[in-house]
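Okay, structure first, notes after.
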2 protein chains.
Amino acid sequence: MNSNSIKVACSNCNLRELCMPLGLSPIELERIDDVVANRRKIKRGATLFRNGEKFTSLYAIRTGFFKTCVASEDGRDQVTGFQMAGEIVGLDGIVHDHHTCDAIALEDAEVCVMPFDRIEELSREVNALQRHVHKIMSREIVRENGVMLLLGSMRAEERLAAFLLNLVQRLHARGFSQSELILRMTREEIGSYLGLKLETVSRTFSKFVEDGIVEVKQRHVRILNADKLKDIVNPKVCN
Amino acid sequence: MNSNSIKVACSNCNLRELCMPLGLSPIELERIDDVVANRRKIKRGATLFRNGEKFTSLYAIRTGFFKTCVASEDGRDQVTGFQMAGEIVGLDGIVHDHHTCDAIALEDAEVCVMPFDRIEELSREVNALQRHVHKIMSREIVRENGVMLLLGSMRAEERLAAFLLNLVQRLHARGFSQSELILRMTREEIGSYLGLKLETVSRTFSKFVEDGIVEVKQRHVRILNADKLKDIVNPKVCN
DNA sequence: CGGCAATTTGACCACATTCAAATTGCGTGG
DNA sequence: CCACGCAATTTGAATGTGGTCAAATTGCCG
């Protein structure tokens with residue numbers, strides 16, 4: 001076996017509830033263990049897959065943090081998402097049997113490799129898995145709808161506030177703090193995701209600090225006033 | 001039977017290749033006919049489904065033109081897509097069993113109603129259908145990635161050029177002209193989709209007309225110089 | 001013909017970008 | 001351990017793109 005891939009099991013994975021359906025029988029779980037063939041380690045800065053590469057598998061993130069980006073022909077690129085433990089990447093590859101974006105590790109990471117033909121095979125027999133796959137794809141569609149709303153109609157402060165709230169909410173669901181987080185990405189990457197320049201991201205952080213909404217030390221962010229952040233995202237109209 | 005719903009068959013639908021998998025056996029086709037329970041007519045301006053409504057079915061558009069929009073709590077809304085004959089809407093509803101956006105007919109329309117539990121059932125048995133469902137969802141994810149690139153990194157002219165090229169390409173695939181199209185949506189709806197104000201859309205159209213790239217008479221658009229449009233979307237760097 | 005919605009156009013303004021420079025933090029090697 | 005070099009970040013000043021507000025025009029439908 002490749003030193004880069006390790007045999008594993010979902011049945012005792014502590015991320016199970018994040019990336020697998022609930023309420024499976026022991027025998028179904030065992031069969032899914034079989035689909036999740038192995039793990040793969042990705043060093044910080046390395047790609048899990050790249051635009052144009054053949055699509056074979058979905059990947060469940062075990063540890064680490066990823067970004068996905070698409071590029072236009074003339075070199076511009078756009079971060080389309082940041083993914084953390086328990087989330088699935090690779091869905092973009094299904095439609096054309098080739099990936100249409102890059103997935104890059106923002107820190108040393110480990111993923112479970114799930115060959116897609118095996119997923120399809122098993123999801124014909126395990127209804128809960130079929131349903132789960134559909135939900136994962138639908139969730140991604142809904143997430144992207146939200147990003148379109150953000151990019152299409154929000155101003156810089158609103159975008160950054162929404163970004164921070166989303167990030168901290170997902171981290172909290174994984175047992176981390178509700179009010180403190182470490183950004184795994186640069187200001188430029190945040191800017192690309194939010195449709196802003198890195199300077200604008202920096203300035204907006206500074207503005208939030210001035211206003212006492214957050215504390216920022218480099219990549220370390222502490223949210224001092226979550227209500228105010230929420231209010232920036234969703235300005236309340238006075239009655 | 002409701003006067004609003006009509007019994008139908010995919011097996012003789014001329015849009016089959018657009019919304020159904022290819023290469024099905026007659027018997028498989030017949031079974032799919034059975035999933036596509038009935039049709040529904042939607043008047044211009046009426047909603048096919050609305051944010052918050054229970055999700056039951058996907059809809060294949062037979063005739064007419066739709067927009068989908070999401071709204072933020074404070075009333076802003078964002079058009080997330082325009083859909084035409086042969087395209088599928090409703091995928092957003094799968095993840096939470098409720099729709100998270102509105103689908104509104106931009107002209108009198110007719111859709112095939114495909115109850116999702118029936119789709120799941122049948123796609124366990126007909127591999128081509130299973131694969132097809134996965135591809136449709138993946139295609140939507142990839143489309144939205146492209147919109148994110150547009151909203152995140154393009155300027156007004158680039159956005160509108162990309163929009164027109166995309167629209168005319170999809171229409172062409174349905175047998176319409178490569179160079180002429182009728183916009184089914186208002187300037188405001190285009191603007192919402194592209195993250196621009198309606199005045200900016202109008203101004204940008206005017207600019208394209210000045211530059212001899214298109215002719216515009218209200219909603220009727222004729223593309224005079226597609227290469228120039230492509231060049232606006234993807235500026236070539238001089239060597 | 002009249003009324004209304006959609007579109008166009010102009011003038012002014014705001015927000016984010018660009019360009020530039022200074023500062024900070026971090027890893028590496030002396 | 002400190003010095004150095006590089007990348008990331010912050011901040012400032014000037015600019016530009018698209019937004020806002022307002023008014024005029026067009027087209028459509030009753």
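Here is how names work: the chains are called A, B, and so on, in the same order as the sequence lines, proteins then strands, and each is numbered from 1. Keep in mind that this is a model prediction, so the values were computed, not measured.
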| Separation of B:Lys197 atom NZ from C:dT9 atom C1', in whole Å? | 18 Å
| query | Under 3.5 Å, side chain of B:Ser206 to main-chain N/O of B:Ser202, donor-acceptor pair present? | reply | yes
| task | May I have the distance from A:Glu210 (atom CD) to D:dT11 (atom C1'), rounded to whole angstrom? | result | 11 Å
| field | Phosphate OP1/OP2 of C:dT8: any B:Ser202 side-chain N/O under 4.0 Å | value | yes
Under 3.5 Å, which donor-acceptor pairs do the side chains of residues 219-226 of chain A form with other protein atoms, sequence neighbours left out?
residue, atom, partner, partner atom, Å
A:His220, NE2, A:Glu180, OE2, 2.9
A:Arg222, NE, A:Glu215, OE1, 3.4
A:Asn225, OD1, A:Asp227, N, 3.4
A:Asn225, OD1, A:Lys228, N, 3.1

| query | Taking the six-membered ring for Trp, are A:Phe55 and A:His98 ring centroids under 6.0 Å apart? | reply | no
| message | With a 6.0 Å cut-off on the ring centroids, do B:Phe66 and B:Phe82 count as close? | response | no
| query | Under the side-chain contact (heavy atoms from CB on, under 4.5 Å) test, which residues partner B:Asp231, sequence neighbours left out? | reply | B:Lys236
| said: Please enumerate all residues that pass side chain to side chain donor-acceptor pair (under 3.5 Å) together with A:Gln169, with sequence neighbours excluded. | reply: none
| said: Could you measure the distance from the CZ atom of B:Arg62 to the CG atom of B:Asn14? Nearest 0.5 Å is fine. | reply: 6.5 Å
| Near DNA chain C, which residues from residues 181-194 of chain B have a heavy atom under 4.0 Å away? | B:Thr186, B:Arg187
| What's the CD-P distance between B:Glu157 and D:dG16, to the nearest Å? | 15 Å
| message | Distance check needed: C:dT9 C1' versus B:Leu198 CG, whole Å only. | response | 12 Å
| Which whole-number value in Å describes the distance from A:His220 NE2 to C:dC26 P? | 13 Å
| message | Which residues pass the side-chain contact (heavy atoms from CB on, under 4.5 Å) test with B:Ala161, not counting sequence neighbours? | response | B:Phe208, B:Leu229, B:Ile232, B:Val233
Distances under 3.5 Å between nitrogen or oxygen atoms of protein and nucleotides 26-30 of chain D:
none

| Is any side-chain nitrogen or oxygen of A:Ser206 closer than 4.0 Å to OP1 or OP2 of D:dT11? | yes
| query | How would you list, by chain and number, every residue that makes a salt bridge (charged side-chain N to carboxylate O under 4.0 Å, His left out) with A:Arg139, sequence neighbours excluded? | reply | none
| Comparing A:Leu196 and B:Arg219 on DNA chain C - which has the more 5′ nearest nucleotide | B:Arg219
| request: Only counting residues at least two apart or in another chain, list the ones meeting ring-ring contact (aromatic ring centres under 6.0 Å, His included) with A:Phe205. | output: none
| said: Need the bend value for the helix from C:dC1-D:dG30 to C:dG30-D:dC1: angle between end axes, 5 pairs each end, nearest 10°. | reply: 40°
| task | Return the set of residues passing ring-ring contact (aromatic ring centres under 6.0 Å, His included) with B:Phe65 (not counting sequence neighbours), or none when no residue passes. | result | none
| query | A:Lys207 has an atom NZ; how far is it from atom P of C:dA16, in whole Å? | reply | 11 Å
Filtered N/O pairs between nucleotides 10-15 of chain C and protein, under 3.5 Å:
residue, atom, partner, partner atom, Å
C:dG10, N7, B:Arg203, NH1, 2.9
C:dG10, O6, B:Arg203, NH2, 3.2

| request: Specify the separation, in whole Å, of atom CG of A:Leu151 and atom C1' of D:dG18. | output: 16 Å
| Would you say B:Asp108's side chain and B:Arg44's backbone share a donor-acceptor pair under 3.5 angstrom? | yes
| task | Using atom CG of A:Leu160 as one end and atom P of D:dT10 as the other, report the distance to the nearest whole Å. | result | 11 Å
| request: Keeping to residues at least two apart or across chains, list the side-chain hydrogen bond (donor to acceptor under 3.5 Å, both in side chains) pairs with something in residues 144-153 of chain A. | output: none
| Are any side-chain N or O atoms of B:Asp102 and backbone N or O atoms of B:Asn51, one a donor and one an acceptor, separated by less than 3.5 Å? | yes
